[in-house]
Structure formats: C-alpha cells, structure tokens
Amino acid sequence: MRVNEKYSTLPAEDRSVHIINICAIEDIGYLPSEGTLLNSLSVDPDAECKHGLYLRDGRRKVDYILVYHPKRPSGSRTLARRVQHGDVAPTARGTRQDQPLPGKGDVGTAGGPEPPMDYHEDDKRFRREEYEGNLLEAGLELERDEETKIHGVGFVKIHAPWNVLCREAEFLKLKMPTKKLYHINETRGLLKKINSVLQKITDPIQPKVAGHRPQTTKRLSYPFSREKQHLFDLSDKDSFFDSKTRSTIVYEILKRTTCTKAKYSMGQGEGRKKDSALLSKRRKCSKYGITSLLANGVYSAAYPLHDGDYEGENVEFNDRKLLYQEWASYGVFYKYQPIDLVRKYFGEKIGLYFAWLGVYTQMLIPASVVGIIVFLYGCATVDENIPSMEMCDQRHNITMCPLCDKTCSYWKMSSACATARASHLFDNPATVFFSVFMALWAATFMEHWKRKQMRLNYRWDLTGFEEEEVSGFDHPRAEYEARVLEKSLRKESKSKEKRRHIPEESTNKWKQRVKTAMAGVKLTDKVKLTWRDRFPAYVTNLVSIVFMIAVTFAIVLGVIIYRISTAAALAMNSSPSVRSNIRVTVTATAVIINLVVIILLDEVYGCIARWLTKIEVPKTEKSFEERLIFKAFLLKFVNSYTPIFYVAFFKGRFVGRPGDYVYIFRSFRMEECAPGGCLMELCIQLSIIMLGKQLIQNNLFEIGIPKMKKFIRYLRLRRQSPPDHDEYGKKRQRYEADYTLEPFAGLTPEYMEMIIQFGFVTLFVASFPLAPLFALLNNIIEIRLDAKKFVTELRRPVAVRAKDIGIWYNILRGVGKLAVIINAFVISFTSDFIPRLVYLYMYSQNGTMHGFVNHTLSSFNVSDFQNGTAPNDPLDLGYEVQICRYKDYREPPWSEHKYDISKDFWAVLAARLAFVIVFQNLVMFMSDFVDWVIPDIPKDISQQIHKEKVLMVELFMREEQGKQRLLGTWMEKDRKKEEPCNSHGPKAGLDSPEYPGGAL
C-alpha cells in the first residue's frame, strides 16, 4: 500500500476526504484495511504516468526532493502529528508541533515489554517535522512518500507556488525577460558577408538546438519585481520560471529555513539528565538549515529532479533528452556545444565551465598545428644536423668514460646515435620559436576567454551581477556552526564554574539573572572562530603540507636510486643488446613507476587536502572551496611535476667528474645525461606522464569508477528490496531513479585535471611540441565524457549563478607566467641550443657546427681513477684505453690546472643566463602587449549593454508618462463630475431648510 501524506491542500474539486494521520493509527496498533481510506482519495489518474515529476494532483511540479530514512518511533504509542498540513490553520501549527512525544508512561499495544527507545532517531524525526512545518510557513507545499520501491527510504516532494516564486525572485534579484524586444546591432558590409559565409560553412557542426544560432532580437531583462509584473510576459506562468530557476529558489529557502526549538524530552533517569541539558542548550543556541540537517543525517540527500528520462522510445521529449542527443553523445564530438541549453539546464556555473573547456579546446587547434609543423621540421632536418652526424660517425672513434663504477666499462659514443638523432626532433631552433609562440598563445587564450565570458554574461543577463554575486555563499557551513556552538557552550560552562566558586554581590546577581535570561537567545551570534581557535589547524596544515611535499621528494629520490642501481645491474648483463639499451630500459621503467605513484598520490592528496580544509572550519562554502582548491592544486602540482623538474634542471648537473664523482649515501653515483643532453629523456618523461594521466586517471577512472559505484548501489538496492525488484525498477518514479544516481561533488576535480593538463601544455612545451596535439585529442573525448556524466550519471546539481570561473582564472594566469620562466630555463640549460650558438659564433673555425661535439667533451686520464672505481673489464672494447671522454667543460689532464672548470664553461653559463633574462622579459612584454591590445569587453557587447540601459530608461519614462496621463484623465473626469454639482449648489442652498430666506 502506497501512503502519500500530503502536506499541501488539494483543490476543493479534487478532494473528497481529509486524511488524518494514517501512520499514527498504525503506530497505536489499529491498522485499517486498504479500502477504508484509499478508495475515498481523489487522485489524478494521469499522475502515475508523469513519472514522479508532479505531485499527486498531476498539475503541480516537484521542484525539490528531500530524502530521509524513516524509522518506527521509539515508543509503541507514539502519536505522530502527520496530518494534512495544508488543512491546518496557521494558528494550529504551533500546537501541532508540541504534541505529546515519546517518554515514560507509554503503554504497549500488546501489553508486552516496551521496546528499547532510540532517542537519536526520535531527535531526527522531530527535527524533520519542525523543519517541514517551517517550510510550510515559508509558503512551500510538501508531499511525503514513504512506501517507495526503494526499501527504507522516504521522500518529501517540494513544490513552490507562484506567489513564493515571485517573492523569492524579487529577493534574489533574478533578471527575467520583459515584454520589450529590441534588435541587436548587426555587422554590415564585408563583415556581414564573411559572417554569413562562416555560418554556412559551420552549419554541419552546429547542434540542432533552438536558439543556438545568433539572434537578431533580444528581450530586455530586468530584476523581477511584484510591483512591476506588468512588464513581464506572464501569459504562461508555468513556464515563466524554468525548472532550474525554481530549484534554485527552493534551495535558497531550504538554506535559510531553520529549526531551533528544543522539543525533545529525554527520558528520566540520572544518566540522561546531562544529555538532556546538553541537547536543550544545543537547541537553544544553534540553527539547523538544510546543510546542517544533511551533515547531521536528519536528511540523507537533497536534490532537484531531472526533467525526465534521456533514452527510450516512449519518453516525452525534454531538455535532458535533447542534451543527451546533441551534447552528451560521442557521435557529435565534432559539433559545437549547446552552451545556452547547458546553462538553462544546469545553471551558469556549470555552463561557464563547459564554455571555458570549449574555448580551451578550440585554442588548442592552432597550437597543435604549429607543434606538428615544428616536429615535422625536426624530422626533415635530422639528416642535416651536424652534431648528431658526428656522434653517429664511427670514424671519430670517441671512447667515453664508464657510466657507473666497476661493473660499467668504456663505451663508444656512436652507440648513442639513435638518442642523438631523436633529440634533434625536439632540440632544434624551431623549438625556441615554438616556446615564444606558446607564451603568446597562452596570453591570447586568456584574453579570448575574457571576451567570450563577457559575451556570455551579456547573453545570460549577468552584466549587473557584482552586487548579488556572494548571495549564495553567505550561509555558514554546518561544521562552522557546530564549532561555534561548542565554543559557546564551553564559555558558558566556564562562566558557570566561575560563578559557582566566586561569591557575587547582590548588585551582580540581578545582572546575572538578566544574562541568564538572555543566554538562550542565539548565543552563537556573538561567538566567532578566531585565528586562536584555528591555530592548531593552521599548524597541522603547514606540517602536513610540508610532510606531503617531502614524501614526494623522497619518492623521486627512490626512483633515482632505482635508476642508478638498475643501470648498474643491467651493465653486468652478458647480452650486448641489453647493455646497448640500458638508457631506454631504465628511463621507460622509471617513468612508468613515476606515473603509477603520481596517480595514486593524486587520489591520496585530494583526500588529504579536503581533510586539511575541513579542520580549518571555514565559515562559508566559498571560503571552503577556495582553500580546498589552493591546497589540492599545490599538492598535485608538486606531485605531477617534481619528476619532470628533476630531469629538466637537476639530472646531470651535480655529477662531478671521473675520479671525483658525487655519491648518494656513499654508494650510489649520481646519474648523467646522455651525450645528446637530457632533453630527449625529458620528452619521454613528459609524454608518458601526460598521456598516462589522461588515459588512466582522466578517462578510465571517470568511466570505470562511476560505473562500478552504480553497480554496487544496484546490488545493494537489489539485496534490500523485495524479490520483484526488477519489475519495480521499470516503474520507478523520477525522484526514486535520481536517488540512485551519484551525488554531484562540485567542479573542482574537473577544473583540476584541466589545469594540470594546461601546465603540461605550456610549462615544458619546448621539450615536447606535440603536447598540444595530445591535449586536443584528450579534450575532444573529455567534453563528451563530462557531458555524459552530468546528464546520465549524476543527480541534477543545484544551479549556481556565477559571472566567471573564479579562482581558476588566477591560477591559469599564474601557470602562464610561470611557463615563460620555465621554458626559458629549459631552452637555456636543458637543451644544447645555447652551447651551439656560443660555439658557432666564438669557437667555430669555418662558421659551421663541425667540431661541436668534440668541443663539449673533456678528457680524463684513466690512471686518475679512485681506488675501486675503475672498470673491472678495461679491455671490453678490445683495446687498452688511456684517455676517455666525458661531457663537461674542464681542463685536460695535461693542463697545469687539470680537471678545473675551463673558461668555456663560464662563457656558456653567461650566455645561458643572458638568454634567460632576454627571453623572459621579451616574452613577458609581448604577452602584456597582447593583453593591452585586445580589449576585455568586445565593442559590440559594450554597445549593446549601453543600449539596454537606454532602453530601460525609456521604458520607465514611458511608463511614468502613461501614469501621469492616466492620472490627468482621472482628475479631468472628477472635475467634470464636480462641475454640475457646483452649478446646482447655490439653488440647493437657497431652498435648503437650514437656511430660511436663502441668506447665510
């Protein structure tokens, strides 16, 4: 039997009987037959086919859902107060909330022993009852459904009537379209022809969504006002406020509606007196909005409904289905996103995220094209590169010093031929140009996004949103209120303790009585959390973050030791093929280890960042989100880029020289770069980590984990539900189906993975020009993957108004500025670009690069090896080696200052530092110039905003003039009516019996 307890009043024609407390009758022990009351219900027969989108009358929409777990009341004779709330007069509401509650003296139905009393569940039930009563007083209409197809779950369906929507829209200053239409300024002449041609070309990639095309007219918008309802088109009140706006309004009411009364009486007994007093204080001092109620488990979930099903033959067409077909399908990956429809369904904040992601993906197209050209240039010129040709030429017969102690022997430079040729693909003059291009690209991308953002603000009527922007974040968080309550109770107990031990004067007793009387009036309003209260949390944050960063460095050090020890072990292998591929094997396996560690630590650091933010107890959701983003970005940035920073700037820098190497723990010799430099290894490191994170973390995790969670929930519900679960599942209501979806966890993970990717694209792009291409391919899938997740896998989030992407824009700008500095150092110190320039212009005999390799190598006399470090097999090459070479700028062994730093080293170092300074300042200047040249607000948008203001003034002026004319017409009519009376007045006065004789 399905019992729907309506908290709202049905229309008179649809109601034949009042249902009074069906569950209360059951609680007392009298269970009526199913036909007693249900047959007298008058329910819309089409209500079931609406799949739970409407209340039982089939006309009022369900705007929001509250979910709870109903439990049987603790007493056996509990008189629940479940009535037709709409039929209770306002004066009766106060009495029905103070009915008898479970306690001592309740008699069991069968005269048996009284079951154990669950005071915690009773407390939750009474809080729900009071909260729902307050929602009724706020004007909302409620309907309860406990006999659902999901075992042990009850739903409260909330509907906001028209008068509540109007009132709240005025409070929230929601801009709504008026009746006034105006024409948008169109381009003329050549630009108009170009736009028309572009529209025809891009027509196949446009989504088939109404209103996606550029509009020639727009409705003038104005903050809704009940006094000016005549300005708005209210012909269809049901669709004037769309489902997104209705759910936003209801959520604002849920957040500010509180339950504060202390209604619960713990039983008698010495053990419960303290608990009763504490609970009474809590009820006096704290407020329970929906966030607090969710945090305390009074309700298990709260969410707005999706518009309907998104697939199926007989599914009624709705916005969700349209989004699934034109946005959340992989088959439309080549089309533009229907951003306006996304905003209409999910709200401005989510709409801005997908708009930003779309702009970022579009901007990756030119970056990918230029990156491919740079890569192809490297491929085309690899055979003309003189340094790599010299390294591959076996006639030079250059013998290199061992790469490790004892087990490693001397080796030929020509064996590193493949590495040298591959390095040229990424280490060539074109990569310098590409680094400058990407710095300017980042600046152009930021400016382009700001302009796009302003266009969206204008289109979505957010241009005057600065004043109301913080309105959604003003409500304190539940955890903050709990900490403030705890602090206030602690202060109160201390003051009582002090009063107990210190005698007071008679004059102070009167003050104390006043203070005691006032103590129950919102103690928490006077108490706030200061830095002293948060100081332990701040210390914990600092220590934890430093410890996590140290853990990351320790893991990188462990991987370094693994590389050194593995290289030494492989050098002992008897197979020539294994020994010839030591560098590739060690590099690839070490990068895979780094990738696995990065993916695991990303998840761990995300949880740690959330925990660290929670113990800080931020007051508002906005403050919580910003602190969480900062910590998570810091930890994940260090985790993702530390191995890459090591290869780029530290590997091979602190090696020492043959005969005087630097050791880790006195046993592991620091590893060296290949003769062609570390840039190739940096490229391998960057590409594997970037592609691995995108493939595993961003895609497989996002697909696999939600599917796995959904399957686990399905198994759990199937185990808890009756045997005919499958049959029930087919007829499940909309709010029941949405409850089984994953809750929306915010946009922070989505932004975070894109910001980390943006770092891969910009920070080390000099070493991997193909990074924008792989990012583009990933984002094409990412957009549709996120879209499908939002449409099919997640509960519908509450729409949040926002005019920009918030703190993420500042992070993007910071990453863009940091990219200029890092690329300058990569080109200068990691690649051989600067040494080649120095050699070409200072040391070359014939103005070519011939002899460059020999110039970069120093000589070492093998007789100068330290004891125990010389190769075990010095004749491995088939001849005795007297002099071996190593990459460094040092004096030869026959010099007076043998093995000291040579002058060439200082010349190259000076050139490198000079390049860093010139490159950084030049590119920064060019980026700032691009920022200055491109205006943040497009000219046409600024004109349209000005035009809207002028039209609004004209509209109100005409309205005022109309009022004046109407008032003048009324005054004229009144004057005409008074004229006949005035003309007959004297005659009436003469004939008046009061004045005999006609004279005054």
Side-chain angles (χ1 to χ4, degrees), residues 364 366-379 381-382 385 387-388 419-420 422-445 640-653 673-674 676-691 756-776 815-838 908 911-924 926-927:
L364 283 172
S368 303
V369 172
V370 177
I372 293 172
I373 293 173
V374 170
F375 178 73
L376 293 177
Y377 170 81
C379 295
T381 58
V382 67
N385 183 40
S388 61
T419 306
S423 296
H424 179 72
L425 301 178
F426 307 101
D427 188 3
N428 55 69
T431 56
V432 180
F433 158 76
F434 191 55
S435 298
V436 177
F437 171 81
M438 287 303 294
L440 298 179
W441 173 87
T444 307
F445 162 60
S640 298
Y641 296 118
T642 299
I644 302 173
F645 269 94
Y646 164 72
V647 175
F649 303 121
F650 296 98
K651 184 179 179 181
R653 308 292 171 193
C673 289
C678 281
L679 196 69
M680 187 61 203
E681 188 172 342
L682 176 62
C683 174
I684 295 172
Q685 185 103 2
L686 182 64
S687 59
I688 292 179
I689 291 178
M690 178 182 177
L691 296 178
I756 296 295
Q757 184 204 84
F758 182 77
F760 283 122
V761 169
T762 55
L763 291 180
F764 297 94
V765 75
S767 63
F768 189 42
L770 295 180
L773 174 64
F774 289 112
L776 173 64
V815 172
K817 299 293 185 185
L818 183 62
V820 177
I821 302 172
I822 290 179
N823 281 301
F825 278 94
V826 167
I827 295 170
S828 181
F829 286 89
T830 309
S831 74
D832 280 341
F833 178 73
I834 299 301
R836 288 172 185 169
L837 286 181
V838 172
V908 171
R912 281 174 165 168
L913 294 175
F915 177 83
V916 168
I917 295 172
V918 172
F919 182 89
Q920 174 187 336
N921 287 280
L922 178 63
V923 175
M924 288 283 192
M926 295 171 69
S927 300

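Excluded from the calculations below are hydrogen atoms, water molecules and symmetry mates; all remaining heavy atoms, backbone and side chain alike, are included.
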Would you name the heavy atoms of [X] and [Y] that are closest together and state the gap between them?
| X | Y | value |
| --- | --- | --- |
| V916 | A824 | CG2-O, 3.9 Å |
| G759 | V815 | CA-CG1, 4.0 Å |
| S831 | D427 | CB-OD1, 3.3 Å |
| F426 | P769 | CD2-CD, 3.2 Å |
| S640 | I689 | O-CG2, 4.5 Å |
| N428 | G378 | ND2-CA, 3.7 Å |

* Only counting residues at least two apart or in another chain, list the ones meeting ring-ring contact (aromatic ring centres under 6.0 Å, His included) with F829. =>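 ring-ring contact (aromatic ring centres under 6.0 Å, His included) list for F829, sorted by chain: F825.
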Could you grab the distance from atom [atom1] of [X] to atom [atom2] of [Y], nearest 0.5 Å is fine?
| X | Y | atom1 | atom2 | value |
| --- | --- | --- | --- | --- |
| F919 | M924 | CZ | CE | 10.0 Å |
| C678 | Q685 | SG | CD | 10.5 Å |
| L837 | D832 | CG | CG | 11.0 Å |
| F915 | I827 | CZ | CD1 | 4.5 Å |

Under 3.5 Å, sequence neighbours excluded: what are the donor-acceptor pairs made by side chains of residues 643-652?
from, atom 1, to, atom 2, distance (Å)
Y646, OH, E671, OE2, 2.8
K651, NZ, E681, OE1, 2.3
K651, NZ, E681, OE2, 2.5

Mind checking whether [X] and [Y] have side chains closer than 4.5 Å, heavy atoms only?
| X | Y | answer |
| --- | --- | --- |
| T830 | R653 | yes |
| L686 | S767 | yes |
| S423 | L679 | no |

Residues 816-826 vs side-chain hydrogen bond (donor to acceptor under 3.5 Å, both in side chains), sequence neighbours excluded, gives K817-D928
Identify all side-chain donor-acceptor contacts of residues 433-444 below 3.5 Å with residues at least two apart in sequence or on another chain.
from, atom 1, to, atom 2, distance (Å)
S435, OG, T431, O, 3.0
W441, NE1, M363, O, 2.7
T444, OG1, L440, O, 2.8

Residues passing the side chain to side chain donor-acceptor pair (under 3.5 Å) test with Q757, sequence neighbours excluded, are Y360, N779
task = Would you check if the side chain of S687 reaches a backbone N or O of I684 as a donor-acceptor pair within less than 3.5 Å?
result =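 It does hold such a pair.
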Begin from the C-alpha positions of I756 and Y641 and carry the test side chain to side chain contact (heavy atoms under 4.5 Å, CB included) through to its verdict.
CA-CA 9 Å; I756 296 295; Y641 296 118; 3.9 Å; yes
By side chain to side chain contact (heavy atoms under 4.5 Å, CB included) - contacts of [X] (at least two apart):
| X | value |
| --- | --- |
| V838 | I834, M842, Y843, V908, A911 |
| I372 | L376, L770, L773 |
| A422 | M680 |
| L691 | Q694, F774 |

